[in-house]
Amino acid sequence: MTGASERDLHRLTERLGVQLDPQLFALALTHRSYAYESGGIPTNERLEFLGDSVLGIVITENLYRRFPDLPEGRLAKLRSAVVSMNALAEVARTIDLGDFVMIGKGEAVTGGREKNSILADTFEAIIGAIYLQHGMGKTTEVLLNLMSPFIDHAEQLGAGLDWKTSLQELATSFNLGVPDYLSSESGPDHAKEFIAMCVIAGRELGQGEGRSKKQAEQRAAAAAYVLLEDEMAAKND
């Protein structure tokens, strides 16, 4: 996509359930790779910064009210699970956000539209744009409409917590041994990205990305936990 057409914006606003100023919306969809190839036009990074803060407030308040008996530590871990890069990328996929984000040709060739980091960042930028135009009330409505299923899932897993510990306990309970993590890193020292793969009993069960090795491994463990639990539940049906 070389630009955000009116048709594109209309399709996406229908999925979000909210109207946005076309220029603001286009800015929210402008990844830095596209901005660079277009001569240094503004990127969505400022909106992403704003959206990240708004998202944190909305989800924190929702969890606080939704689970009145949970201690602070458990609430913090649930929030981390719900607003993680992988979780936000999955929310973005429910509205096919990758079809609309404006990325550079080089980024597109390497599968940028499906990268969790780009999807999550763009989703945060969209949230920032909605907040600027409509305020907290409407933004909260849009966010909870999109994210309630993911909040429910995090609660059901019981794990919004330490995913590596939870996964090890689950794997041990099924006599599968201790999970192993294979990690790699890329990018310059000031902006490294890590990818981790969780391996259990010789099987690759979950992959995670993050700004640190620890974060990537936690996300890989979360993905593996979901898959392994689903597999075991299916066997017991």
Side-chain angles (χ1 to χ4, degrees), residues 1 3-32 34-35 42-68 70 75-103 112-157 160 219 222 226:
M1 184 166 69
S5 69
E6 288 187 13
R7 183 180 179 183
D8 292 325
L9 296 179
H10 179 69
R11 287 168 57 204
L12 187 51
T13 53
E14 281 192 331
R15 296 175 189 186
L16 289 167
V18 64
Q19 295 298 315
L20 272 178
D21 173 79
Q23 288 187 327
L24 184 61
F25 214 166
L27 177 61
L29 294 170
T30 304
H31 185 258
R32 62 178 177 270
Y34 180 86
T43 75
N44 63 5
E45 291 177 348
R46 280 171 52 86
L47 284 175
E48 175 198 337
F49 170 77
L50 176 61
D52 176 69
S53 296
V54 173
L55 178 68
I57 292 171
V58 171
I59 296 303
T60 299
E61 180 180 357
N62 180 264
L63 293 174
Y64 179 86
R65 296 182 182 280
R66 188 168 181 161
F67 306 115
L70 285 186
L75 287 173
K77 290 176 181 178
L78 268 176
R79 179 181 59 192
S80 294
V82 173
V83 302
S84 70
M85 179 177 66
N86 286 1
L88 295 183
E90 288 306 310
V91 176
R93 289 187 177 98
T94 67
I95 56 174
D96 297 320
L97 187 57
D99 292 345
F100 304 96
V101 61
M102 293 185 287
I103 57 177
R113 295 189 187 283
E114 280 302 310
K115 286 184 179 179
N116 284 356
S117 57
I118 291 179
L119 289 173
D121 290 349
T122 306
F123 180 71
E124 289 180 335
I126 291 290
I127 296 306
I130 295 173
Y131 173 77
L132 279 182
Q133 184 167 341
H134 294 285
M136 185 62 83
K138 188 63 177 178
T139 306
T140 299
E141 179 185 324
V142 172
L143 268 175
L144 295 184
N145 181 54
L146 291 172
M147 298 190 67
S148 284
F150 295 87
I151 297 173
D152 292 339
H153 192 54
E155 178 204 1
Q156 291 164 6
L157 286 178
R219 289 169 175 170
V226 174

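Contact of the Ile59 side chain with the Ile151 side chain is registered, since non-hydrogen atoms from C-beta on lie closer than 4.5 Å. Taking the side chain as every heavy atom from C-beta outward, Leu88 and Leu55 approach each other to under 4.5 Å. No side-chain heavy atom of Pro42 sits less than 4.5 Å from a side-chain heavy atom of Thr30.
Every residue two or more places apart in sequence or in another chain was checked for a side-chain hydrogen bond (donor to acceptor under 3.5 Å, both in side chains) with Thr13, and none qualifies.
Of all the heavy atoms in Phe123 and Leu97, the pair that sits closest is N-CD2, 3.6 Å. Nearest approach of Tyr34 to Met102, heavy atoms of both residues: CB-O, 3.2 Å. Of all heavy-atom pairs spanning Ala87 and Val82, the tightest one is CB-O, 3.3 Å. Nearest approach of Pro149 to Leu146, heavy atoms of both residues: CD-O, 3.7 Å. Residues Val142 and Leu16 share a closest heavy-atom pair of CG1-O, 3.8 Å.
Applying the salt bridge (Lys or Arg N to Asp or Glu O under 4.0 Å) rule to pairs touching residues 116-136 yields nothing, sequence neighbours excluded. Listed by first then second residue, pairs satisfying side-chain hydrogen bond (donor to acceptor under 3.5 Å, both in side chains) with a partner in residues 84-96 read Arg15-Asp96, Asn86-Asn116, Glu90-Arg93, Arg93-Glu114, Arg93-Asn116, not counting sequence neighbours. Sequence neighbours left out, the pairs with a member in residues 54-65 that pass salt bridge (Lys or Arg N to Asp or Glu O under 4.0 Å) are Glu61-Arg65.
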**OP:** Begin from the C-alpha positions of Ile126 and Phe25 and carry the test side-chain contact (heavy atoms from CB on, under 4.5 Å) through to its verdict.
**Re:** CA-CA 7 Å; Ile126 291 290; Phe25 214 166; 3.0 Å; yes
**OP:** Using the side-chain contact (heavy atoms from CB on, under 4.5 Å) rule, take Leu29 and Leu12 through it: C-alpha gap first, then chi angles, then the decisive distance, then the call.
**Re:** CA-CA 11 Å; Leu29 294 170; Leu12 187 51; 4.1 Å; yes
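The CG atom of Leu143 sits 4.0 Å away from atom CD1 of Ile127, with the distance rounded to the nearest 0.5 Å.
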Kindly list each side-chain donor-acceptor pair under 3.5 angstrom involving residues 129-141, sequence neighbours excluded, with atom names and distances?
from	atom 1	to	atom 2	distance (Å)
Gln133	OE1	Asp21	N	2.7
His134	NE2	Gln19	O	2.5
Lys138	NZ	Glu141	OE2	3.1
Thr139	OG1	Tyr131	N	3.3
Thr139	OG1	Gly135	O	2.6
Thr140	OG1	Met136	O	2.8

Tell me which donor-acceptor pairs under 3.5 Å the side chains of residues 45-53 have, and how far apart each pair is, sequence neighbours excluded?
from	atom 1	to	atom 2	distance (Å)
Glu45	OE2	Arg32	NH1	3.3

